[in-house]
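Everything on this sheet refers to the single structure shown next.
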Amino acid sequence: MTADFVHPEDRLAQLGLTLPEVAAPVAAYVPALRTGNYVYTAGQLPMVDGKLPMTGKVGAEVTAEDAKALAQRCALNALAAVKAEIGDLALVRRVVKVVGFVASDPGFTGQPGVINGASELLGEVFGDAGRHARSAVGAAVLPLDAPVEVELVVEVV
């Protein structure tokens with residue numbers, strides 16, 4: 001660690017955020033899995049205390065602004081899953097890939113702006129190491145009628 005290193009959880013605290021408990025899977029999978037120097041998360045819904053704060057399609061029942069905040073929550077939940085797998089977010093070398101799914105009204109085309117909620121958070125938490133490749137995909141429906149789902153691939157030491 002360099003002298004100017006700020007622990008990722010300290011950066012989260014500066015943003016007024018804390019890592020939640022890892023959300024229980026809603027089917028037969030694990031929240032995160034490490035293989036070699038990579039951790040892959042399952043798709044994370046924007047659960048808060050075990051519940052979805054909103055449901056529905058973005059561009060209809062859910063605004064793009066609300067969906068962006070939900071994407072940030074998805075990323076926070078994904079970071080909690082990463083930490084549970086490796087023990088300390090300081091072991092993250094870089095965020096490699098973000099895949100975001102947006103349950104979209106047929107006329108909604110702002111998926112990249114929604115998934116920026118996740119991407120921007122990762123940049124704030126990890127700095128340059130939070131810059132990543134990304135896909136932002138529209139979907140007809142997501143599990144539990146969630147508006148957004150995000151998964152991560154991170155490289156660890």
Side-chain angles (χ1 to χ4, degrees), residues 1-25 29-50 52-54 58 62-104 108-139 142-143 146-157:
M1 310 283 161
T2 62
D4 59 347
F5 173 78
V6 177
H7 195 283
E9 288 190 61
D10 291 338
R11 290 183 189 216
L12 285 169
Q14 291 167 359
L15 297 169
L17 301 169
T18 57
L19 287 178
E21 293 295 318
V22 177
Y29 61 88
V30 295
L33 181 70
R34 180 177 181 162
T35 182
N37 289 339
Y38 294 92
V39 175
Y40 296 78
T41 72
Q44 299 292 313
L45 301 179
M47 299 295 226
V48 176
D49 298 325
L52 287 173
M54 304 179 99
V58 181
V62 179
T63 67
E65 295 78 24
D66 285 341
K68 183 177 179 181
L70 293 171
Q72 180 189 66
R73 181 61 189 210
C74 292
L76 192 64
N77 290 346
L79 290 177
V82 169
K83 181 182 177 185
E85 186 66 20
I86 63 172
D88 188 344
L89 288 180
L91 299 175
V92 172
R93 179 175 288 162
R94 75 168 303 110
V95 178
V96 177
K97 176 86 184 220
V98 171
V99 180
F101 302 95
V102 181
S104 303
F108 183 75
T109 59
Q111 292 84 4
V114 169
I115 302 305
N116 277 347
S119 294
E120 291 168 2
L121 176 68
L122 296 167
E124 291 183 61
V125 172
F126 295 107
D128 284 343
R131 294 174 45 97
H132 51 269
R134 187 181 88 177
S135 299
V137 180
L142 293 171
V148 185
E149 181 175 353
V150 171
E151 62 183 57
L152 303 180
V153 178
V154 299
E155 182 183 10
V156 298
V157 294

Smallest heavy-atom separation, Ala103 atom then Ala146 atom, equals CB-O, 3.5 Å
Residue set satisfying side-chain hydrogen bond (donor to acceptor under 3.5 Å, both in side chains) with Thr109, at least two apart, ordered chain then number -> none
Looking only at heavy atoms, the pair that brings Lys97 and Ser135 closest together is NZ-OG, 3.4 Å
| task | Without swapping roles, check the side chain of Thr41 against the backbone of Leu152 for a donor-acceptor pair under 3.5 Å. | result | yes
Are Leu76 and Gln72 side-chain neighbours, meaning at least one heavy-atom pair lies under 4.5 Å? no
| Stepwise side chain to side chain contact (heavy atoms under 4.5 Å, CB included) test for Val95 and Arg131 | CA-CA 6 Å; Val95 178; Arg131 294 174 45 97; over 6 Å; no
Those residues at least two apart in sequence (or on a different chain) that pass side-chain hydrogen bond (donor to acceptor under 3.5 Å, both in side chains) with Arg34 are none
Problem - Pairwise side-chain contact, Pro20 with Arg73, heavy-atom cut-off 4.5 Å (strictly under) - result: yes
Gly127 and Arg11 have their tightest heavy-atom pair at N-NH1, 3.7 Å
Those residues at least two apart in sequence (or on a different chain) that pass side-chain hydrogen bond (donor to acceptor under 3.5 Å, both in side chains) with Glu9 are Lys83
Does any non-hydrogen side-chain atom of Val39 lie less than 4.5 Å from one of Val92? no
Asp88 meets the side-chain hydrogen bond (donor to acceptor under 3.5 Å, both in side chains) criterion, sequence neighbours left out, with His7
* Pro31 versus Glu85: any side-chain heavy-atom pair under 4.5 Å? -> no
Between the CZ atom in Arg93 and the OH atom in Tyr38, the distance rounded to the nearest 0.5 Å is 8.5 Å
Across all chains, not counting sequence neighbours, the side-chain contact (heavy atoms from CB on, under 4.5 Å) partners of Glu65 are Thr63
Ile86 versus Val154: any side-chain heavy-atom pair under 4.5 Å?
no
Nearest heavy-atom contact between Val22 and Ala84 is CG2-CB, 3.7 Å
Heavy-atom closest pair (Val148 atom, Cys74 atom, distance to 0.1 Å) is O-SG, 3.7 Å
Would you say that Phe108 contacts Val62 through its side chain, given a criterion of any heavy-atom pair below 4.5 Å between the two side chains? no
- So do Glu151 and Phe101 actually touch side chain to side chain, heavy atoms under 4.5 Å? yes
Taken to the nearest 0.5 Å, the spacing of Met54 CE from Leu70 CG works out to 6.5 Å
Original post:
Would a 4.5 Å heavy-atom cut-off, applied to side chains only, mark Asn77 and Leu45 as touching?
Top reply: no
List, one per line, each side-chain donor-acceptor pair under 3.5 Å for residues 113-122, sequence neighbours excluded.
residue : atom : partner : partner atom : Å
Asn116  : OD1  : Arg134  : NH1          : 2.8
Ser119  : OG   : His132  : NE2          : 2.8
Ser119  : OG   : Arg134  : NH1          : 3.0
Glu120  : OE1  : Lys68   : NZ           : 3.2

